[in-house]
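Taking it in order: structure first as structure tokens, then the write-up.
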Amino acid sequence: MPEPHYQELVCAVARAIPSGRVSTYGAIAQFLALGSARMVGWALHQNRCHAPAHRVVNRKGELSGRIHFHTPTMMEELLRAEGVEVEQHQVVHFSTLFWDPSIALGDNWEPIL
DNA sequence: TGTTTGACCACGG
DNA sequence: GCCGTGGCCAAAC
């Protein structure tokens, strides 16, 4: 069995983010205990998997990845469609909407590839 | 082949 | 709070 690539792990975690919630690059990197927040950004930029990348924001709740969507407003619209309020490219009530994979998935989670 | 870059973040001052 | 810095490591050049 080949070892899963970093991208696939990131995708698997991103797919686990519930609709209406958001997570961060750093939280995913820390949860995987591999690579770094930059690597998570890189992995999502590859965009090979079908992961809800719009639910991943930076640690301040800013939509730092919006530039890389098909249109600059796409990320915001997707979030709003899920009930997430966005103002000035930033998630409103970010601290309460934040979804921490290490809490939700625990230490023994195995990726679904 | 080395260097720079990047959807980032923790840390120290 | 805001800086500057270091670190992470694959890709692009």
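A note on names: the letters A, B, ... follow the listed sequences, proteins ahead of strands, and every chain is numbered from 1.
Look at the P atom in both C/dG1 and B/dA10: the space between them is 15 Å, to the nearest Å. The C1' atoms of B/dA7 and C/dG4 are separated by 22 Å, rounded to the nearest whole Å. Atom name P, nucleotides B/dT4 and C/dT5: the rounded distance is 16 Å, in whole Å.
For A/L78 and B/dA7, the CG to P distance is 19 Å, given to the nearest whole Å. Atom CE in A/M39 sits roughly 7 Å away from atom P in C/dC9 (whole-Å rounding). One interatomic measurement links the two molecules: CE of A/M74 to C1' of B/dA7, which rounds to 16 Å at whole-angstrom precision. When the P atom of C/dC9 is taken as reference, atom CG of A/L32 falls 13 Å away, rounded to whole Å. Here B/dA7 presents its P atom at 7 Å from NE2 of A/H45, a figure rounded to the nearest Å. Rounded to an integer number of Å, the gap from A/L44 CG to C/dA10 P is 16 Å. Spacing between atom OH of A/Y6 and atom C1' of B/dG6 amounts to 13 Å, rounded to whole angstrom units. Residue A/Q46 contributes atom CD, which lies 6 Å from atom P of C/dA11 at whole-angstrom precision.
Mapping A/G35 and A/Q7 onto DNA chain C by nearest heavy atom places A/G35 closer to the 5' end of the strand.
Taking all atoms of both residues into account, the shortest heavy-atom contact from A/P111 to A/L9 is CG-CD2, 3.5 Å. Of all the heavy atoms in A/N58 and A/S64, the pair that sits closest is CB-OG, 3.6 Å.
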- Treat primed atoms plus P, OP1 and OP2 as sugar-phosphate and everything else as base, then score nucleotides 8-13 of chain B 5' to 3': B for base contact with protein heavy atoms under 4.0 Å, S for sugar-phosphate contact only, - for none. BSS---
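For A/W42 and A/Y6, the distance between ring centers is not under 6.0 angstrom.
Within 4.0 Å (heavy atoms only), A/A29 reaches no atom of the nucleic acid at all.
Within residues 12-19 of chain A, no residue places a heavy atom under 4.0 Å from DNA chain C.
Within a 6.0 Å sphere centred on CD of A/Q30, other residues, nucleotides and ligands contribute 12 heavy atoms or fewer.
With sequence neighbours left out, the salt bridge (Lys or Arg N to Asp or Glu O under 4.0 Å) criterion links A/R80 to A/E76. Applying the salt bridge (Lys or Arg N to Asp or Glu O under 4.0 Å) criterion to A/E82, with sequence neighbours excluded, gives A/R55.
A disulfide bond (SG atoms under 2.5 Å apart) check over residues 83-113 of chain A, counting only residues at least two apart or in different chains, returns nothing. The stretch residues 80-105 of chain A participates, sequence neighbours left out, in these ring pair (Phe, Tyr, Trp, His ring centres under 6.0 Å) pairs: A/F94-A/F98.
No donor-acceptor distance shorter than 3.5 angstrom exists from the side chain of A/R66 to the backbone of A/M75, with no hydrogens or angles considered.
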